[in-house]
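Read the structure below first, then the notes.
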Amino acid sequence: MVNRNLIREFDVSEEDWEAAIGDMAPDDISWLGGEDIDVNQIVEGTIIRIDDEFVLVDVGYKSEGLIPKDEWEPETEGEEIEPPEVGQKIRVLVEDVEDAQGRTDERGMIVLSKNKAEKIEKWMKVMETVHEGDVVSGEVTRKIKGGLLVDIGVNVFLPASQVDIRRPHDIGEYIGKTIECMVLKIDEARRNIVVSRRSLIENQRAEKKAELLKTLELNDRRTGIVKNIADFGAFVDLGGIDGLLHITDMSWGRINHPSEMVKIDDELEVVILNIDYEKEKIALGLKQKHASPWENVASKYPVSEKVKGTVVNVMSYGAFVKLEDGIEGLVHISEMSWTKRISHPSEIVNIDDEIEVIVLRIDEQKQEISLGMKQTQSNPWEKVADKYPTGAMVNGKVRNLTNYGAFIEIEEGIDGLLHVSDMSWTRKISHPSEVVEKGEEIECKVLSVDQERRRIALGLKQLDEDPWSADIPDRFQQGQLVTGKVTKITNFGVFVGLEDGLEGLLHISELSDDKIENPQDVVNVGDELEVKILRVDTEDRKIGLSRKRVEWAEEDEIRAAEEEAAAREAPGDLKGGMGDDSGPLFKMAEPEPAVEEASPKEEAAEEKPAEEKPAEEVSEAEEPAAEAEVASEEVASEEEAAKSEA
């Protein structure tokens, strides 16, 4: 059945048609034939004379007619036409007669045309036998604007889009070929016919498709022709229906584009993988003609075996290594080196490199193989404990600084952590940059080695003897007067620097005999103060100071000590600075019995209201708050270190 919408798409204008095939016949040919000779009539005549330019023909009229001799010349190259002969009978079209339309031939003869007569008769013959929807056969004669001319007895128009299902690159390659087409449109008034080869092919394919779908079965092997290639695969004509040969089903190995495997018009034997009868879609396979290389892969590549392969792709997370066609494994970036810090796998391998790897894991179900490069070499961490035993002195370069410490590169890929708490015996280090700089060469002592977690702990302060063991207790003793500068002021007291890195705590209760609400009301950072040492705690590495007791006499000290002892024995009093039963934070030396009368200061102390505690008792109750703050800072620092290392 002819598609009328399709016909309207390929309507050929009269100007294009005339330019393509020329004047085929006069405008009015409806009454051709008859006894009387008249214009536009086809009659039979006899050739009576032939000269260089014209052929003289007798048509039984009062005068002969002339036909240009070039009408016997072939229109196309290679066409053979018999030359005119005297006495030959021919059919001619009367184009003009004497006195017709007020003019005659310059020789006084009628004007005739052999070619136009032949074309008209051919057209009439075609009109008798050809109808819309018929299948016709003819030779492609030439290429014109928008399509081809096909000779089916008369020239008919074949639009370029109707030459084939997929428009060819050059329709001119059909010239000289005999093709079959379906008649889409016959325009008798304009004497043209439009045909379509595509419609004929589609109708034939629809019939073949229906038959093919009935006979196709899964895993059948069929032969087809590659008709089109896309990035994702190739379309193969199975003889009535196209199937998709996806790129992943072309080869067990890696291919980047389907054109590496197939070309247009290639004849292929393919395997039917899937049939969607509802959507009339077929999935094809080429690699399925051969067994999968993943069969028995575990026996071919056992775990822990060393194998050779070629790098075929490098990604940010690792490199893919081809062991054989169809089998690739991944070397993750973490499996490339024991010690090197690798930002991208391209620092180690490149495409087409041949490398040795160790098979780490195989997942046959997912068709995945994990490979390792570093496993082909000995692990340097296995010898770290022997090479760097605890207590050994090592030299290294500061590679990186964090809030909790510095990483020291002992050798390539082997780092140790120098924690801030191991940088100084006396100084409170807030950041490692206060002690070391990035890129600096330093000497440290190995404190511990954890081979399983691949960690080395280093110490800097351990290079020197702990001053709290003997030096500080010898130089700073209870009751000693010392001078220092205020380094820090808190709400519970003042830190006083006694020497480089060594500080003592001057509690707010020890600033003055008067009650102080804010230490900044009394001292400022940088002030130089004379203070008395109340206690030296070597276990907690702390020194307690007092400013108000600088002028106290020995009797005052004894009285204060007695009050402190009584306060410690009283039930419910705070002990150890934390309110538990662990005892006081600092132990005072036992005072000798007093032999003299109480001093005026002692009497004044006895007269104080009950709610005001002795200065020493207040100091011991509130001083743990300072210790808690310092301890919390150290714990937070260590927690940051643990999180970073994790």
Side-chain angles (χ1 to χ4, degrees), residues 1-10 132-137 147-148 150 158-171 173-174 177 179-185 194-252 255-292:
M1 185 174 180
V2 178
N3 187 333
R4 296 294 173 182
N5 293 326
L6 186 62
I7 290 174
R8 283 191 286 272
E9 288 183 25
F10 305 111
E132 291 182 356
D134 288 353
V135 176
V136 294
S137 177
L148 300 171
V150 182
L158 173 60
S161 62
Q162 297 300 304
V163 172
D164 205 342
I165 294 176
R166 297 178 182 87
R167 185 167 179 171
H169 178 70
D170 181 15
I171 61 174
E173 63 188 22
Y174 284 86
K177 294 182 179 180
I179 61 174
E180 286 188 334
C181 302
M182 176 183 287
V183 177
L184 292 182
K185 176 185 178 183
V194 179
V195 296
S196 170
R197 180 171 176 264
R198 174 177 179 172
S199 295
L200 178 62
I201 294 174
E202 287 177 343
N203 290 343
Q204 293 172 346
R205 283 174 61 85
E207 295 175 2
K208 291 180 179 179
K209 181 190 293 185
E211 291 295 325
L212 190 60
L213 286 172
K214 292 179 182 178
T215 59
L216 280 181
E217 293 183 3
L218 294 180
N219 300 319
D220 278 358
R221 293 197 179 192
R222 295 289 178 128
T223 300
I225 306 296
V226 178
K227 290 298 183 182
N228 195 19
I229 296 177
D231 291 338
F232 53 84
F235 291 94
V236 180
D237 183 0
L238 300 177
I241 187 170
D242 285 352
L244 174 61
L245 175 59
H246 198 271
I247 186 173
T248 57
D249 291 311
M250 288 184 172
S251 172
W252 292 111
I255 58 173
N256 298 315
H257 195 271
S259 58
E260 298 175 17
M261 294 291 297
V262 298
K263 293 180 176 57
I264 291 179
D265 294 331
D266 279 358
E267 186 175 290
L268 300 176
E269 184 184 48
V270 292
V271 178
I272 308 298
L273 301 181
N274 186 48
I275 303 173
D276 188 334
Y277 292 97
E278 185 177 340
K279 296 182 179 179
E280 296 184 345
K281 292 184 178 180
I282 299 176
L284 307 175
L286 193 60
K287 70 181 184 181
Q288 286 78 5
K289 293 165 57 179
H290 311 286
S292 170

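This is a predicted model, so every value here is computed, not measured.
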[X] and [Y]: which non-hydrogen atoms are nearest, and at how many Å?
{"X": "E173", "Y": "P168", "result": "OE2-CB, 4.0 Å"}
{"X": "V262", "Y": "A234", "result": "CG2-CB, 3.9 Å"}
{"X": "L245", "Y": "L286", "result": "CD1-N, 3.5 Å"}
{"X": "Y277", "Y": "L213", "result": "CE2-O, 3.3 Å"}
{"X": "A160", "Y": "I171", "result": "CB-CD1, 3.9 Å"}
{"X": "I247", "Y": "P258", "result": "CD1-CD, 3.8 Å"}

Considering only heavy atoms from C-beta outward, does the side chain of [X] approach that of [Y] to under 4.5 Å?
{"X": "V226", "Y": "L268", "value": "yes"}
{"X": "L238", "Y": "L212", "value": "yes"}
{"X": "L284", "Y": "L244", "value": "no"}
{"X": "T223", "Y": "E267", "value": "yes"}
{"X": "I179", "Y": "L158", "value": "yes"}
{"X": "E202", "Y": "I165", "value": "yes"}
{"X": "P159", "Y": "V194", "value": "yes"}

Taking [Y]'s backbone N and O only, do any of them form a donor-acceptor pair with [X]'s side chain (distance below 3.5 Å, no angle check)?
{"X": "N203", "Y": "L200", "value": "no"}
{"X": "D249", "Y": "H246", "value": "no"}
{"X": "S199", "Y": "S196", "value": "no"}

Worksheet entry | side-chain contact (heavy atoms from CB on, under 4.5 Å) assessment of T248 paired with F232 | CA-CA 8 Å; T248 57; F232 53 84; over 6 Å; no
Give, for atom [atom1] of [X] and atom [atom2] of [Y], the distance between the pair rounded to the nearest 0.5 Å.
{"X": "R222", "Y": "I272", "atom1": "CZ", "atom2": "CD1", "value": "6.5 Å"}
{"X": "I201", "Y": "M182", "atom1": "CD1", "atom2": "CE", "value": "11.0 Å"}
{"X": "N274", "Y": "L218", "atom1": "CG", "atom2": "CG", "value": "6.5 Å"}
{"X": "D242", "Y": "F235", "atom1": "CG", "atom2": "CZ", "value": "7.5 Å"}
{"X": "S251", "Y": "M261", "atom1": "OG", "atom2": "CE", "value": "5.0 Å"}
{"X": "D276", "Y": "I282", "atom1": "CG", "atom2": "CD1", "value": "9.5 Å"}

Worksheet item: Do other residues, nucleotides or ligands put more than 12 heavy atoms under 6.0 Å from the NZ atom of K177?
Response: yes
Worksheet item: Are the charged groups of K289 and E269 less than 4.0 angstrom apart, N to O?
Response: yes
Worksheet item: Between R197 and D164, is there a side-chain N and carboxylate O pair less than 4.0 Å apart?
Response: yes
Practice prompt. Could you go through the salt bridge (Lys or Arg N to Asp or Glu O under 4.0 Å) check for K209 and E280 one step at a time?
Written response: CA-CA 9 Å; K209 181 190 293 185; E280 296 184 345; 3.3 Å; yes
Practice prompt. Applying side-chain contact (heavy atoms from CB on, under 4.5 Å), run through R198 and V163 and close with a yes or a no.
Written response: CA-CA 6 Å; R198 174 177 179 172; V163 172; over 6 Å; no
Worksheet item: Could you walk me through whether I264 and I229 pass the side-chain contact (heavy atoms from CB on, under 4.5 Å) check?
Response: CA-CA 7 Å; I264 291 179; I229 296 177; 4.2 Å; yes
